Structure formats: C-alpha cells, structure tokens
Amino acid sequence: MGKRILVAYFSATGTTQAVAERLAKAIGADIKEIVPAEPYTAADVDWRDPNSRSSVEHKHREMRPALAAPIDITPYDVVFVGYPLWWETAPRVVRTFLESEDWSGKTIVTFATSGSSIRGADGVQLHDSAPAAHWVAGRRLAANVKESELDKWVAGLHL
C-alpha cells in the first residue's frame with residue numbers, strides 16, 4: 001500500500017481495544033489510544049442510568065470531554081478511528097480527538113464495536129467533526145473478528 005497508517009481508538013471496556021490491536025497487527029499499522037483526561041468508570045457508561053456520564057454527554061451533543069494527551073496524526077496518510085457505539089454514535093471524546101487535529105489530506109476510516117447495533121459504524125455522523133478529511137465508510141466489527149477478516153476488509157477498501 002505504501003501509506004502510513006494509524007489505528008486510533010477509544011475503548012471504555014476493552015472490547016474496542018482488542019479489535020483495534022488485531023486490526024493494527026493485521027495491516028501493519030501504528031496504534032494509539034484516544035485517552036480521555038478523566039477515564040470512564042463502569043458507572044459512567046451505564047446507559048440505563050439517565051444521569052450517568054455517558055448518558056449526559058449523549059444528551060448534550062456539544063460536550064467535548066478533554067483528552068489526556070493529543071495524538072499527532074501528522075505522519076499518517078490514513079487513520080482508522082475505532083469506538084464503541086453508544087446510542088448508535090461515537091462517544092463524544094472521539095469528536096474531541098477529531099476536532100483537535102488538522103485532517104487536510106488525510107483519509108479516515110471508522111470502525112465500531114457493538115453488541116447489536118450497526119447504525120453509526122459507518123462514521124457518517126462524524127464527518128462534521130473533520131470536514132477536511134477524505135472519509136471512507138467504515139463498518140461494525142464483531143468483538144471476535146479475526147485478523148484475516150480484518151486484512152481482507154482493509155484490502156477491499158482501496159485506500
């Protein structure tokens with residue numbers, strides 16, 4: 001492929017992290033975690049609690065949780081952005097990451113993990129957070145997806 005690739009991911013429970021690690025290994029990419037300044041606890045991601053941190057962030061679409069540290073995307077041509085689906089969209093901290101970088105000349109491909117939902121995995125709802133990027137529709141990946149499947153998926157993207 002000849003392009004420098006980064007897999008950047010946010011994972012609250014470890015599921016997205018495991019998929020991101022397999023993806024990076026399968027395609028020979030670098031990997032970096034999108035780390036919120038204030039880590040999410042199990043109580044924070046309790047979607048049944050309308051007062052949990054994730055529920056409040058979902059209700060207030062303008063919220064942008066701070067990052068613990070920036071991720072320099074400068075050396076990369078393609079960035080895979082991974083996240084768990086929360087209410088069929090990416091957690092707000094993913095928007096913080098996208099909005100903190102210059103995406104001119106970069107390609108973004110999303111991937112999402114979810115127990116059931118597939119809506120939001122293609123990343124379309126995130127385009128306004130990085131309008132200068134070239135977006136390639138992403139997809140939902142199962143928690144147990146194999147490296148060979150990931151390699152085949154990426155090869156079919158024609159990046």
Side-chain angles (χ1 to χ4, degrees), residues 1 3 5-36 39-42 44-49 52-61 63-65 67 71 73 76-101 103 106-131 133-159:
M1 187 181 309
K3 297 185 181 209
I5 302 174
L6 172 67
V7 174
Y9 70 92
F10 167 71
S11 186
T13 63
T15 302
T16 306
Q17 177 180 357
V19 172
E21 288 170 350
R22 284 196 299 280
L23 175 61
K25 186 175 177 190
I27 63 174
D30 292 343
I31 187 168
K32 302 210 185 235
E33 182 178 5
I34 299 168
V35 181
Y40 287 83
T41 66
D44 288 338
V45 298
D46 181 358
W47 58 271
R48 293 167 298 224
D49 178 358
S52 73
R53 181 174 165 199
S54 60
S55 296
V56 170
E57 288 175 3
H58 176 68
K59 280 185 244 170
H60 299 281
R61 297 187 179 276
M63 292 184 80
R64 298 293 185 267
L67 299 175
I71 295 174
I73 63 161
Y76 301 99
D77 304 300
V78 178
V79 180
F80 284 80
V81 178
Y83 50 87
L85 285 173
W86 291 357
W87 294 275
E88 300 179 341
T89 191
R92 299 285 175 244
V93 71
V94 174
R95 285 188 179 270
T96 304
F97 164 63
L98 292 171
E99 293 170 4
S100 66
E101 299 298 322
W103 294 95
K106 310 285 184 191
T107 297
I108 298 174
V109 184
T110 57
F111 66 96
T113 57
S114 170
S116 59
S117 181
I118 58 168
R119 289 191 61 214
D122 62 6
V124 170
Q125 77 282 8
L126 297 173
H127 291 192
D128 62 335
S129 287
H134 169 69
W135 287 85
V136 173
R139 62 180 273 197
R140 176 188 172 272
L141 297 173
N144 62 351
V145 64
K146 294 178 176 34
E147 282 183 41
S148 58
E149 295 172 65
L150 294 166
D151 187 47
K152 184 177 177 183
W153 168 55
V154 174
L157 294 176
H158 307 291
L159 301 171

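We count residues from 1, following the sequence as given. Since we're looking at a predicted model, the values are computed, not measured.
Side-chain N/O atoms of T113 and T16 include a donor and acceptor closer than 3.5 Å.
Closest non-hydrogen pair, S114 versus R140, comes out as O-NH2, 2.6 Å. For the residue pair V109 and A137, the shortest heavy atom distance occurs at CG1-O, 4.3 Å. In terms of heavy atoms, D128 sits closest to P131 at O-CD, 3.5 Å. For the residue pair P91 and P84, the shortest heavy atom distance occurs at CD-O, 3.2 Å.
Contact check for V7 versus Y76: no side-chain heavy atoms found under the 4.5 Å cut-off. Proximity of K25 to E147: side-chain heavy atoms (C-beta onward) are separated by under 4.5 Å at one or more points. The shortest side-chain heavy-atom distance between L67 and V93 falls under the 4.5 Å cut-off. The side-chain heavy atoms of I31 and Y9, taken from C-beta on, include a pair separated by under 4.5 Å. Counting only heavy atoms from C-beta outward, the side chains of F80 and I5 approach each other to under 4.5 Å. Using a 4.5 Å heavy-atom threshold, the side chains of W135 and V124 count as separate. The side-chain heavy atoms of E21 and V19, taken from C-beta on, include no pair separated by under 4.5 Å. Side chains of I108 and W103 form a contact here, defined as non-hydrogen atoms less than 4.5 Å apart.
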query = Hey, mind stepping through L126 and Y83 against side chain to side chain contact (heavy atoms under 4.5 Å, CB included) and telling me if it holds?
reply = CA-CA 12 Å; L126 297 173; Y83 50 87; 3.8 Å; yes

task = Just do the side chain to side chain contact (heavy atoms under 4.5 Å, CB included) check on Y40 and T13 with the steps written out, would you?
result = CA-CA 9 Å; Y40 287 83; T13 63; over 6 Å; no

query = Going through the distances and angles, do F10 and V35 end up as a side chain to side chain contact (heavy atoms under 4.5 Å, CB included)?
reply = CA-CA 7 Å; F10 167 71; V35 181; over 6 Å; no

inquiry  = What verdict does the side chain to side chain contact (heavy atoms under 4.5 Å, CB included) test give for D151 and E149, after you've listed the backbone C-alpha separation in whole Å, the side-chain angles of each residue and the deciding distance to 0.1 Å?
reply    = CA-CA 5 Å; D151 187 47; E149 295 172 65; over 6 Å; no

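R22 places no side-chain N or O within 3.5 Å of a backbone atom of L150 that could act as its donor or acceptor partner. A distance-only check finds no donor-acceptor pair linking the side chain of K3 to the backbone of V78 [under 3.5 Å]. Judged purely by atom type and a 3.5 angstrom limit, S11 uses its side chain to pair as donor or acceptor with the backbone of Q17.
With rounding to the nearest 0.5 angstrom, the CD atom of E101 is 11.5 Å from the OG1 atom of T96. With values rounded to the nearest 0.5 angstrom, D77 atom CG is found 10.0 Å from L159 atom CG. Rounded to the nearest 0.5 Å, atoms CG (D30) and CD1 (I71) are 11.5 Å apart. Atoms CG and OG1, from L157 and T107 in turn, are 10.5 Å apart once rounded to the nearest 0.5 Å. Once rounded to the nearest 0.5 Å, the distance linking CZ of R64 with CD of E99 reads 4.0 Å.
For K32, the NZ atom counts as loosely surrounded, since its 6.0 Å shell holds 12 or fewer non-hydrogen atoms of other residues, nucleotides or ligands.
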